[in-house]
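Order of the sequence lines fixes the chain letters, A, B, ..., with proteins taken first and strands second; residue numbering starts at 1 for each chain.
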Amino acid sequence: MLDLRSIREDPEGVEAKLRRRDPTIRLAPLLELDRERRALIRRVEDLRRERKLGSEEVARLQQAGHGEEAQTRIATLKELSAELKALEERLAELEEKLYQELLKLPNLPHDSVPPGGKEEKVLLRSWGEPPRFDFEPKHHLELGKKLGILDFPRAAKLTGTRFPLYIGLGARIELALIHWMFELHVREHGYVPVLPPILANPTSFLVSGQLPKFAAELYYCPEDDLYLNPTAESLLVNLHRDEILSEEDLPLKYVAYTPCFRREAGTYGEEQRGLIRVHQFNKVELFYFTTPERSYQDLEELVGHAERVLQALGLHYRVTLLPCGDLAQQSAKTIDLEVWLPGQGRYYEVSSCSNCEAYQARRGKIRFRPRGGGKPEFVHTLNGSGLATSRLFAAILEQNQRPDGSVALPPLLAELVGTEELS
RNA sequence: GGAGGGGUGGGUGAGCGGCCGAAACCGCCGGUCUUGAAAACCGGUGAGCCUCCGGGCUCCGUGGGUUCGAAUCCCACCCCCUCCGCCA
């Protein structure tokens with residue numbers, strides 16, 4: 001959510017920035033609602049003041065024994081109260097409308113974010129070299145099937161299409177990766193470990209920015225009015241909802257492991273077979289609550305932490321900066337890590353690291369008190385995958401495959417599971 | 001799921017129709033004292049909205065209701081605690 005006051009003070013400036021993301025955005029209706037609202041507030045407050053003074057007078061009259069005068073006063077106040085109630089109802093309606101409008105607006109892109117749509121993303125750097133094969137590299141689905149570590153047909157029997165089932169060494173590798181990443185961030189990068197609930201209420205998703213716009217992406221339990229976690233970002237941001245933190249405690253860094261569930265409504269495609277786009281995957285998520293002064297520096301640090309995972313596994317990847325048109329609703333700037341999948345000859349996102357600035361903080365009223373006192377300010381929130389395992393799993397198979405379909409595990413992983421190769 | 005108790009400012013907690021944005025204590029900030037610090041003492045210290053920048057209004061879990069007037073009374077819901085039941 002954007003700051004209404006700053007929209008009011010510089011509507012042209014805000015609109016210009018928003019249009020870098022979406023040229024169809026218009027602030028005029030919102031500004032009109034705001035004008036109406038403020039006019040109404042003035043009337044309502046005048047009436048409230050009148051009622052308050054009148055009521056105090058009634059009390060005085062009654063105490064002084066002027067019962068009759070008090071009754072007359074009460075009669076007029078009764079009318080005033082009725083009028084006030086009607087106006088208050090209108091005001092509540094207006095404020096709700098205004099709030100809904102405000103919720104629809106995405107975050108302002110940071111100045112360093114390039115213009116344009118999906119295709120305009122900027123390559124920042126890459127790490128390592130794509131492995132060379134003197135044979136046709138296979139798809140991880142094929143490798144996983146042959147190695148007996150991935151079983152989609154049986155998963156479909158249990159649940160349906162696009163749900164993964166890891167079995168044998170596949171299950172052990174998956175679990176080992178999750179645990180190792182989690183420990184890495186806790187022990188070497190100083191994150192506070194969290195295992196949150198996997199179901200959360202609508203308010204939580206409103207704060208994170210998933211709702212109201214992206215309800216179709218979420219699995220929902222109507223009996224309980226709860227949504228299934230699509231990314232731990234949504235959960236972690238709510239950890240400090242409605243709190244005033246101390247600047248001394250910032251940045252607060254959390255790492256969570258959660259399964260993630262996404263309906264992926266309307267996504268199909270041969271190229272997204274296997275583990276690339278599934279309804280359920282595992283993710284280790286990194287999250288910062290920090291100050292506006294240091295949030296962009298923290299974003300770089302966060303990206304570095306995610307990169308360490310890929311580096312330790314010796315996987316070739318690249319780092320890209322998303323353009324305005326490809327930003328998530330809540331993000332002001334997003335840096336993606338994309339791992340190379342030779343079986344498909346392309347890169348896939350394994351981490352998306354964003355600075356949401358005060359967008360989520362404003363929705364969730366997450367503030368901090370500046371050092372040495374003063375008014376509370378909104379924190380900046382950052383999130384990033386560190387990492388999502390299903391695609392990581394796929395990359396490990398595809399980048400380390402051998403002509404016969406066996407896979408040489410990276411040394412680190414080999415040690416974790418006690419096997420050097422899958423065959 | 002059943003019975004009972006409770007949700008008040010950064011924290012603990014008093015208030016149970018008007019004098020309450022709200023006692024007290026803790027914390028925090030400033031001062032006195034001290035070589036410095038601690039202790040002690042004194043003073044200050046909630047958030048948000050509107051503004052003709054004088055000020056005004058709102059907020060005591062959430063939403064309704066009663067009333068001239070609600071933190072206080074009534075109803076519904078949510079959450080927490082205790083006990084019982086069920087259960088990995």
Side-chain angles (χ1 to χ4, degrees), chain A residues 1-9 30-102 195-207 211 221-227 235 238-250 252 289 291 358 361-379:
Chain A
M1 191 156 68
L2 301 180
D3 178 32
L4 181 58
R5 191 170 299 183
S6 58
I7 293 177
R8 190 153 67 215
E9 277 165 11
L30 188 136
L31 290 165
E32 181 50 34
L33 279 173
D34 180 48
R35 265 190 295 276
E36 280 181 51
R37 168 178 156 270
R38 282 185 296 154
L40 196 51
I41 282 175
R42 259 170 280 164
R43 290 184 58 199
V44 163
E45 289 190 351
D46 283 349
L47 285 182
R48 287 211 270 237
R49 178 165 166 71
E50 216 179 300
R51 180 185 65 182
K52 190 176 167 181
L53 294 175
S55 292
E56 281 166 8
E57 200 190 327
V58 167
R60 274 196 304 277
L61 289 172
Q62 284 177 339
Q63 268 160 26
H66 298 97
E68 231 165 272
E69 279 179 61
Q71 283 311 311
T72 320
R73 203 76 194 84
I74 284 173
T76 54
L77 283 176
K78 206 165 189 163
E79 276 173 49
L80 191 150
S81 260
E83 188 190 348
L84 179 57
K85 195 179 171 187
L87 288 181
E88 280 177 332
E89 274 165 22
R90 259 190 59 202
L91 179 60
E93 270 171 46
L94 260 180
E95 298 208 306
E96 177 59 24
K97 241 178 166 171
L98 182 65
Y99 180 61
Q100 290 305 326
E101 284 300 312
L102 217 42
L195 291 178
I198 306 304
L199 289 166
N201 57 40
T203 307
S204 295
F205 292 105
L206 190 83
V207 169
L211 291 179
C221 307
E223 296 273 291
D224 304 284
D225 197 20
L226 294 173
Y227 293 88
L235 306 171
N238 284 283
L239 229 48
H240 294 296
R241 191 169 82 210
D242 297 317
E243 290 184 26
I244 298 176
L245 307 165
S246 299
E247 183 171 2
E248 288 72 35
D249 296 335
L250 301 179
L252 279 168
F289 294 89
T291 63
R362 212 170 271 122
R363 287 190 176 194
K365 296 188 179 63
I366 309 165
R367 291 168 292 180
F368 72 95
R369 197 173 298 280
R371 232 178 277 274
K375 287 281 167 197
E377 291 175 43
F378 289 111
V379 300

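- Side-chain N/O atoms of A/K85 include one lying less than 4.0 angstrom from OP1 or OP2 on B/G65.
- The interatomic distance linking A/L91 (CG) with B/U58 (P) rounds to 12 Å, in whole Å.
- Secondary-structure stems of RNA chain B, taken as three or more successive Watson-Crick or G-U wobble pairs (i with j, i+1 with j-1) under a 3.5 Å distance threshold, comprise B:1-7 with B:78-84, B:10-12 with B:24-26, B:27-32 with B:40-45, B:46-50 with B:55-59, B:61-65 with B:73-77.
- The gap from the P atom of B/G43 to that of B/A24 amounts to 11 Å, rounded to the nearest Å.
- Nucleotides B/U45 and B/A38 are separated by 22 Å at their C1' atoms, to the nearest Å.
- Residue A/D242 contributes atom CG, which lies 13 Å from atom P of B/U8 at whole-angstrom precision.
- Evaluation of the side-chain hydrogen bond (donor to acceptor under 3.5 Å, both in side chains) test over residues 42-51 of chain A, restricted to residues two or more places apart or in two chains, returns A/R48-A/E88.
- Nucleotide B/G54 is shown with a syn base, its glycosidic torsion being within 90° of 0.
- With sequence neighbours left out, the salt bridge (charged side-chain N to carboxylate O under 4.0 Å, His left out) criterion links A/E32 to A/R35.
- Qualifying side chain to side chain donor-acceptor pair (under 3.5 Å) partners for A/E95, counting only residues two or more places apart in sequence or in other chains: A/R37.
- Atom CD in A/E50 sits roughly 16 Å away from atom P in B/G56 (whole-Å rounding).
- If you take atom C1' in B/G17 and the same atom in B/C60, they sit 15 Å apart, rounded to whole Å.
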- Begin with the C-alpha distance, continue with both residues' side-chain angles, and end with the deciding distance and a verdict on side chain to side chain contact (heavy atoms under 4.5 Å, CB included) for A/F289 and A/I366. CA-CA 9 Å; A/F289 294 89; A/I366 309 165; 4.0 Å; yes

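- Using C1' as the reference atom, B/G18 and B/A3 are 37 Å apart when rounded to the nearest Å.
- Comparing B/C81 with B/C68, their P atoms are spaced 41 Å from each other, to the whole Å.
- Qualifying side chain to side chain contact (heavy atoms under 4.5 Å, CB included) partners for A/L199, counting only residues two or more places apart in sequence or in other chains: A/C221, A/L226, A/L228.
- What separates CG of A/D224 from P of B/C79 is a distance of 10 Å, to the nearest Å.
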- Query: When every nucleotide of nucleotides 68-73 of chain B is labelled 5' to 3' by its protein contacts under 4.0 Å (heavy atoms), B for base, S for sugar-phosphate only, - for none, what sequence of letters results?
  - Reply: BS----

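- Shown here are the side chain to side chain contact (heavy atoms under 4.5 Å, CB included) partners of A/E57, two or more places apart in sequence or in another chain: A/R60, A/L61, A/R73.
- A/E9 is linked by a side chain to side chain contact (heavy atoms under 4.5 Å, CB included) to A/R5, counting only residues two or more places apart in sequence or in another chain.
- A/L102 and A/I7 get closest at one heavy-atom pair: CD1-CD1, 3.8 Å.
- Applying the ring pair (Phe, Tyr, Trp, His ring centres under 6.0 Å) test to A/F368 and every residue at least two apart in sequence or in another chain returns nothing.
- Rounded to whole Å, atom P of B/G54 lies 17 Å from atom CZ of A/R49.
- With sequence neighbours excluded, the residues satisfying side chain to side chain contact (heavy atoms under 4.5 Å, CB included) with A/P202 are A/L211, A/D225, A/Y227.
- Atom P of B/A47 sits at a distance of 25 Å from the matching atom of B/A39, rounded to the whole Å.
- The separation between A/N201 atom CG and B/C77 atom C1' is 14 Å, rounded to whole Å.
- Interatomic distance, A/L91 CG to A/L40 CG, rounded to the nearest 0.5 Å: 5.0 Å.
- If you find the closest nucleotide of RNA chain B to A/E89 and to A/V44, the one lying nearer the 5' end belongs to A/V44.
- Comparing the same atom, P, in B/G5 and in B/G27 gives a spacing of 35 Å after rounding to whole Å.
- For A/E83, there are no side chain to side chain donor-acceptor pair (under 3.5 Å) partners at least two apart in sequence or on another chain.
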- Between A/R241 and A/S204, does a side-chain hydrogen bond (donor to acceptor under 3.5 Å, both in side chains) hold up when you go through it step by step? CA-CA 9 Å; A/R241 191 169 82 210; A/S204 295; 3.2 Å; yes

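- Taking atom P on both B/G61 and B/G6, the two are 13 Å apart, rounded to the nearest angstrom.
- Note: NZ (A/K52) to C1' (B/G56) measures 9 Å, nearest angstrom.
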- Message: Protein within reach of the bases, or only the backbone? For nucleotides 46-51 of chain B, mark each nucleotide 5' to 3' as B, S or -, using heavy atoms under 4.0 Å.
- Response: -SSSSS

